[in-house]
Protein chains: 2
Amino acid sequence: MRPNRPKISDVARVAGVSTATVSRVLSNPDLVSSDTREAVQEAIRTTGYRLNLAARNLRHQRTGSIVALVPNLANPFFSEILSGIAAVLGEAGYNLLVADTCRTSAQALIDYAEPGRADGLIALDGRLPAEELKGKVPVVVACEWIPGLAAPRVKIDNRAAAGLAIDHLVALGHRRIGHVSGPRGNVLTEARIAGTQDALAAQGLLLAPADLHIGDFSLGSGREAAVTWLAQPAATRPTAMFFASDPMACGFIGEVQRHGLKVPEDVSVVGFDDIELVAHMSPPLTTIRQPRHDIGRLAAERLLARLKGETAMDDTVLPVDLVVRGSTAAPRQPA
Amino acid sequence: MRPNRPKISDVARVAGVSTATVSRVLSNPDLVSSDTREAVQEAIRTTGYRLNLAARNLRHQRTGSIVALVPNLANPFFSEILSGIAAVLGEAGYNLLVADTCRTSAQALIDYAEPGRADGLIALDGRLPAEELKGKVPVVVACEWIPGLAAPRVKIDNRAAAGLAIDHLVALGHRRIGHVSGPRGNVLTEARIAGTQDALAAQGLLLAPADLHIGDFSLGSGREAAVTWLAQPAATRPTAMFFASDPMACGFIGEVQRHGLKVPEDVSVVGFDDIELVAHMSPPLTTIRQPRHDIGRLAAERLLARLKGETAMDDTVLPVDLVVRGSTAAPRQPA
DNA sequence: CTGAAAGCGCTTACAG
DNA sequence: CTGAAAGCGCTTACAG
């Protein structure tokens with residue numbers, strides 16, 4: 001079946017017209033008289049012709065594809081953003097190309113930004129090299145951002161989000177609050193640490209260096225934070241912990257419970273992201289909800305707008321919510 | 001920068017050679033004398049030339065892309081399979097195109113199987129129409145399978161997996177065991193129900209119609225199953241439940257705990273998939289581990305082999321493990 | 001309204 | 001070892 005796949009010239013021959021006319025029927029039927037049009041459509045049917053998109057795209061100097069660069073495809077946080085991106089691109093007739101930045105060489109990632117490869121790029125990873133991305137395909141950055149790269153960003157207000165978490169804990173009566181962050185250097189990490197410090201300072205409190213644990217967003221690093229926390233004397237360790245991701249909060253809770261302590265009685269826990277499962281744990285997790293699907297949708301829409309000529313480079317900042325569930329309560333002994 | 005992007009003819013002019021020679025330096029450098037080769041490479045450098053993949057692909061009658069059709073991109077179960085696929089395709093120099101079958105029209109999905117759109121297709125969704133996929137691009141099916149479509153399948157032994165779960169519960173002393181399945185008609189659903197029934201029958205037990213709850217793999221349907229279960233008299237309801245997905249098991253446990261009952265003391269629970277979080281819940285979930293990343297890898301490898309001419313259509317069946325954790329124990333009152 | 005022809009940016013037999 | 005030329009399957013000014 002592969003060799004004798006009909007092409008536009010086969011249709012033209014069968015219909016007794018030129019290839020130009022067939023092409024017009026395909027992309028601009030109004031330009032063709034109805035008699036001719038019907039003859040061509042009949043020929044399309046009898047030959048079983050299907051348009052070769054690659055050829056059309058080459059002619060149009062576009063690829064019809066948008067590439068999304070994702071730090072870790074296996075991470076549900078990113079996959080839901082991807083789902084929002086896919087929804088918008090699919091409707092607009094674009095292909096969605098996906099690459100996993102943690103499993104792809106730096107050069108291969110940059111090659112995705114070549115025209116001829118994709119028409120535009122959505123970066124969910126802030127560690128991409130800004131310089132190498134210049135002069136290539138239009139870029140929109142989502143969630144994270146790339147310092148030094150002029151590109152629209154779709155994100156949440158991470159400092160404000162951290163503030164929501166801290167204010168909630170302080171309102172419950174907590175005075176000694178710890179923070180488990182993402183990896184150092186990540187833009188989200190820094191924004192959430194800064195937000196935590198600011199919110200504490202606004203309440204006259206301090207993030208003690210010992211109470212800042214550098215994690216990596218993973219379950220395992222949450223468990224490690226629990227080990228450190230458990231090793232401290234019960235009287236002087238933080239009564240509440242704010243995590244820069246839900247999986248870290250889950251890892252922490254699991255380890256603390258395994259040691260016979262209770263959440264929120266012995267320690268209050270706030271996560272970040274509101275991934276689906278955390279509402280169903282025991283206790284259900286208090287967390288910051290990010291509109292992941294919308295982040296993806298908006299990033300895709302901004303990119304499509306750029307491809308249509310929009311030049312605005314302003315950021316889109318989406319609101320976050322604090323979702324209060326069972327993992328937070330007043331501390332046992334208020335300071 | 002877009003308009004004056006150098007093409008192969010610009011390089012040729014600068015180097016003082018023909019476009020054919022530049023092309024050879026690019027794809028088959030050994031055919032060119034070292035003097036000429038160096039001159040061309042120098043010209044490539046000075047012009048900043050980058051190959052246009054779309055043009056090369058059109059010439060080669062291939063697209064360089066493989067499309068993965070995923071039932072729900074936001075579902076972490078599928079995203080990890082995708083990650084395995086991406087790893088293999090990236091290494092092989094293929095693009096990974098992704099489409100969400102639940103958000104894409106049937107026609108649009110079939111169009112992905114057109115040559116000119118992609119070189120091959122990996123289906124993670126068993127509901128695609130077999131007839132429409134014939135005579136198009138080579139297909140490999142992973143996880144689920146498409147009845148009536150001759151395509152290699154990469155999957156696990158779902159009946160055996162259900163047997164592992166049931167045997168474990170029976171060994172613990174359970175006699176009345178319920179099953180919460182996926183949606184009716186799904187090939188996985190039917191295989192897991194059949195496996196459950198077989199394993200029970202082998203032990204002289206029966207899956208009572210009232211103990212089979214039809215779910216849809218989601219958290220919410222697990223919660224609904226809990227409502228039904230809770231409504232039954234404690235003395236006569238199942239002492240153990242086997243779920244066709246981890247999220248359903250989580251939804252069930254959350255609802256049961258909310259009603260003051262305990263897992264595994266009041267009911268043992270076995271999930272399916274071993275998604276990352278369930279090891280960290282309380283209790284940690286006993287479940288069937290699927291090698292998701294490997295399923296993705298192997299599916300991609302089978303497809304690449306087909307593109308290279310392999311014609312074998314046999315299935316690849318991957319082993320599963322029962323992971324015993326805290327959500328299962330002996331029943332309170334053995335029957 | 002329709003066709004002949006050029007061209008998108010490459011690659012590759014075919015000569016030499 | 002290298003070049004002239006044809007062609008991958010489309011589209012689109014330009015004529016008529």
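Chain identifiers are assigned alphabetically (A, B, ...) following the order of the sequence lines, protein sequences preceding nucleic acid strands; residue numbering begins at 1 within each chain.
Within 4.0 Å of L53(B), counting heavy atoms only, lies no atom of the nucleic acid at all. Residue contacts shown for R59(A) include a base, since a base heavy atom lies under 4.0 Å away. In this structure, S33(A) reaches the sugar-phosphate backbone alone: every heavy-atom distance under 4.0 Å involves primed, P, OP1 or OP2 atoms, never a base. Residue contacts shown for S23(A) include a base, since a base heavy atom lies under 4.0 Å away. Across all strands, R50(B) comes closer than 4.0 Å only to sugar-phosphate atoms, never to a base (heavy-atom distances).
If you check distances only, the side chain of R5(B) never reaches the base of dG9(C) with a donor-acceptor pair under 3.5 Å.
An OP1 or OP2 oxygen of dG3(C) is reached within less than 4.0 angstrom by a side-chain nitrogen or oxygen of S18(A). Look at T21(A) and you won't find any side-chain N or O under 4.0 angstrom from OP1 or OP2 of dT2(C).
Distance, D35(B) CG to dC1(D) C1': 11 Å, rounded to whole Å.
Side-chain atoms of S33(A) and T36(A) include a donor-acceptor pair closer than 3.5 Å.
With a cut-off of 3.5 Å on both pairing distances, the Watson-Crick or G-U wobble partner of dC14(D) is dG3(C).
A salt bridge does not link K7(B) to D10(B): none of the charged side-chain nitrogens sits closer than 4.0 Å to a carboxylate oxygen.
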